[in-house]
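Submitted below is the structure of interest, expressed as structure tokens.
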Amino acid sequence: MLEFRQPQHFDFEQCLTYLQRSEQELLHQIIDHQLYKAVKVAGETFLLKVFATEKKLKVEILQGQLTAQREIFICKYIKQMFDLDRDLKPFYELAQSDPILQRLVESYSGYRIVGIPDLFESLTWAIIGQQINLTFAYTLKKRFVQHFGEKVIWQGKEFWIYPEHSAVAQLTVTDLRTLQFSQRKAEYIIGVAKLFQSGELSQKKLHKLDFPIVERELMSIRGVGQWTAHYVMMRSFNWPDAFPVADIGLHRALENQLAGKRPTIPEIQKLAKHWKGWEAYATFYLWRSLYD
DNA sequence: CGCCAGGTTAGAG
DNA sequence: CTCTAACATGGC
């Protein structure tokens, strides 16, 4: 059993609501306020059960042999997944004087950015979600995972692991087209997998670099524009100042907050001046307001 | 049926 | 640099 002290301003249940957005999600299950997730760690397949007690966040290993190194990996993974090392105090202070955020931080107090620790997963998932509605995006992801991912069975239940870049790099555009990916998306995704495969792109490499460099590096990839780059910087790098400003979900959430007037991008950038350093958190809280 | 969806690219001006 | 058509298909 691994344990983490719950930071101030952390509410596991709030984070679970985000993870329960889609009925079609295969990459985890939530049963009775407990999160079940399969993860591959250096060739070893783990099944984790994550749950909160009053003061701790606990991780039970249901399957997989721990070693010291694997334990470090899993700890990092969980910390990233719930952004546990973040001190939210400055964000909540800033929100006090912001008409939009004020109510949101009150309603969803303890909500944190739910990370996608694996860069290949967040990049390709973002590409899958480009310019289609979220329901269809989840349909595509489900097909993608079931065809090219790995399945863990535990007590008669299935737990899926996202496809590895090595598998995706072998695919042809036709393989993905039959799953109803567009020609372009198929090319983008296989292209990204090949960049990982060749070593040109890796999490390790990017993690040493600064925000503008990473943004530039990501945007140099075919299929990755500003939205995708910032989405990834928010969810895989846990950068609170990433800002996918063109995001339609963000626009819809702001429209609700602004009495039915959907703001333009320059208007959003003006609003976001108050959010400096916390744009990703503002976005995540605004997205949250769409799930009520 | 028509418009919209967690955008990006390539080409034109 | 900015603007725009094309992409591709399900959801509602």
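By convention in this document, chain letters (A, B, ...) are assigned in the order of the sequence lines, proteins followed by strands, and residues within each chain are numbered from 1. These numbers come from a predicted model, not from an experiment.
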Run the side-chain donor-acceptor check on residues 215-227 of chain A: report pairs under 3.5 Å with partners two or more places apart or on a different chain.
{"unit_1": "A/E215", "atom_1": "OE2", "unit_2": "A/H230", "atom_2": "NE2", "d": "2.7"}
{"unit_1": "A/S220", "atom_1": "OG", "unit_2": "A/E217", "atom_2": "O", "d": "2.6"}
{"unit_1": "A/R222", "atom_1": "NH1", "unit_2": "A/E187", "atom_2": "OE1", "d": "3.2"}
{"unit_1": "A/W227", "atom_1": "NE1", "unit_2": "A/D247", "atom_2": "OD1", "d": "2.8"}

Taken to the nearest whole Å, CD/A/E187 to C1'/B/dA10 is 13 Å
Pick out the pairs of N or O atoms, protein on one side and nucleotides 3-5 of chain C on the other, that lie under 3.5 Å.
none

Whole-Å distance between B/dG7 P and A/I189 CD1?
15 Å
Any donor-acceptor pair under 3.5 Å linking the side chain of A/Q203 with the backbone of A/P117?
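The answer is yes, because a donor-acceptor pair under 3.5 Å joins these two groups.
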What is the separation between atom CD on A/Q130 and atom C1' on B/dC4, rounded to the nearest whole Å?
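Roughly 16 Å, once rounded to whole Å.
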With ILVMFWY side chains joined below 4.5 Å, transitively, what does A/L62's cluster contain besides itself?
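Members besides A/L62, by chain and number: A/I31, A/Y36, A/L47, A/V152, A/W154, A/F159, A/I161.
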Roughly, in whole Å, what's the span from CG in A/D247 to C1' in B/dT8?
15 Å
Pick base, sugar-phosphate or nothing for A/Y291, based on heavy-atom distances below 4.0 Å to the nucleic acid.
nothing
Proximity to the side chain of A/R252 - top-ranked nucleotide from B/dA5, B/dT8, B/dA10
B/dA5
Rounded to the Å, how far apart are A/I221 CD1 and B/dT9 P?
10 Å
5' to 3', nucleotides 6-12 of chain C under a 4.0 Å protein heavy-atom cut-off (B base, S sugar-phosphate only, - none) gives BBSSBS-
With clusters built from Ile, Leu, Val, Met, Phe, Trp and Tyr whose side-chain heavy atoms come within less than 4.5 Å, directly or transitively, what are the remaining members of the cluster of A/M1, listed by chain and number?
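Answer for A/M1: A/F51.
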A/I265 has an atom CD1; how far is it from atom C1' of B/dG7, in whole Å?
10 Å
For A/W125, enumerate each residue passing the ring-ring contact (aromatic ring centres under 6.0 Å, His included) test, keeping only those at least two apart in sequence or located in another chain.
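Once residues adjacent in sequence are excluded, the partners of A/W125 under the ring-ring contact (aromatic ring centres under 6.0 Å, His included) criterion are A/Y138.
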Inter- and intrachain pairs under salt bridge (Lys or Arg N to Asp or Glu O under 4.0 Å), touching residues 129-158 of chain A, at least two apart
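Non-adjacent pairs meeting salt bridge (Lys or Arg N to Asp or Glu O under 4.0 Å): A/E25-A/K141, A/K40-A/E150, A/K151-A/E158.
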To the nearest angstrom, the CD1-P distance between A/I128 and B/dT8 comes to 14 Å
A/P7 side chain reached by A/R86 side chain, heavy atoms, under 4.5 Å
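With C-beta onward as the side chain, the pair stays apart.
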What does A/R288 touch in the nucleic acid at a heavy-atom separation under 4.0 angstrom: a base, only the sugar-phosphate, or nothing?
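Result for A/R288 = nothing.
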Polar side-chain atom of A/N133 near backbone of A/T135 as donor-acceptor pair, under 3.5 Å
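Judged by distance alone, yes, a pair lies under 3.5 Å.
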Enumerate all atom pairs, one protein N or O and one N or O from nucleotides 11-13 of chain B, separated by less than 3.5 Å.
none

Residue pairs passing the salt bridge (Lys or Arg N to Asp or Glu O under 4.0 Å) test where at least one lies in residues 273-292 of chain A, sequence neighbours excluded:
A/R288-A/D292
Quote, to the nearest angstrom, the P distance that separates B/dT9 from C/dG10.
24 Å
Considering heavy-atom distances to DNA chain B, does A/F284 or A/M219 have its closest nucleotide positioned more toward the 5' end?
A/F284
Could you go through residues 68-81 of chain A and list every donor-acceptor pair under 3.5 Å that involves a side-chain atom there, pairing it with any protein atom two or more places apart or in another chain?
{"unit_1": "A/R70", "atom_1": "NH1", "unit_2": "A/Q65", "atom_2": "O", "d": "2.7"}
{"unit_1": "A/Q80", "atom_1": "NE2", "unit_2": "A/S236", "atom_2": "O", "d": "2.8"}
{"unit_1": "A/Q80", "atom_1": "NE2", "unit_2": "A/N238", "atom_2": "OD1", "d": "3.3"}

Salt bridge (Lys or Arg N to Asp or Glu O under 4.0 Å) pairs, two or more places apart, involving residues 262-272 of chain A
A/E255-A/R262
Would you list the pairs meeting salt bridge (Lys or Arg N to Asp or Glu O under 4.0 Å) in which at least one residue belongs to residues 95-122 of chain A, sequence neighbours left out?
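Output for this query is empty, none listed.
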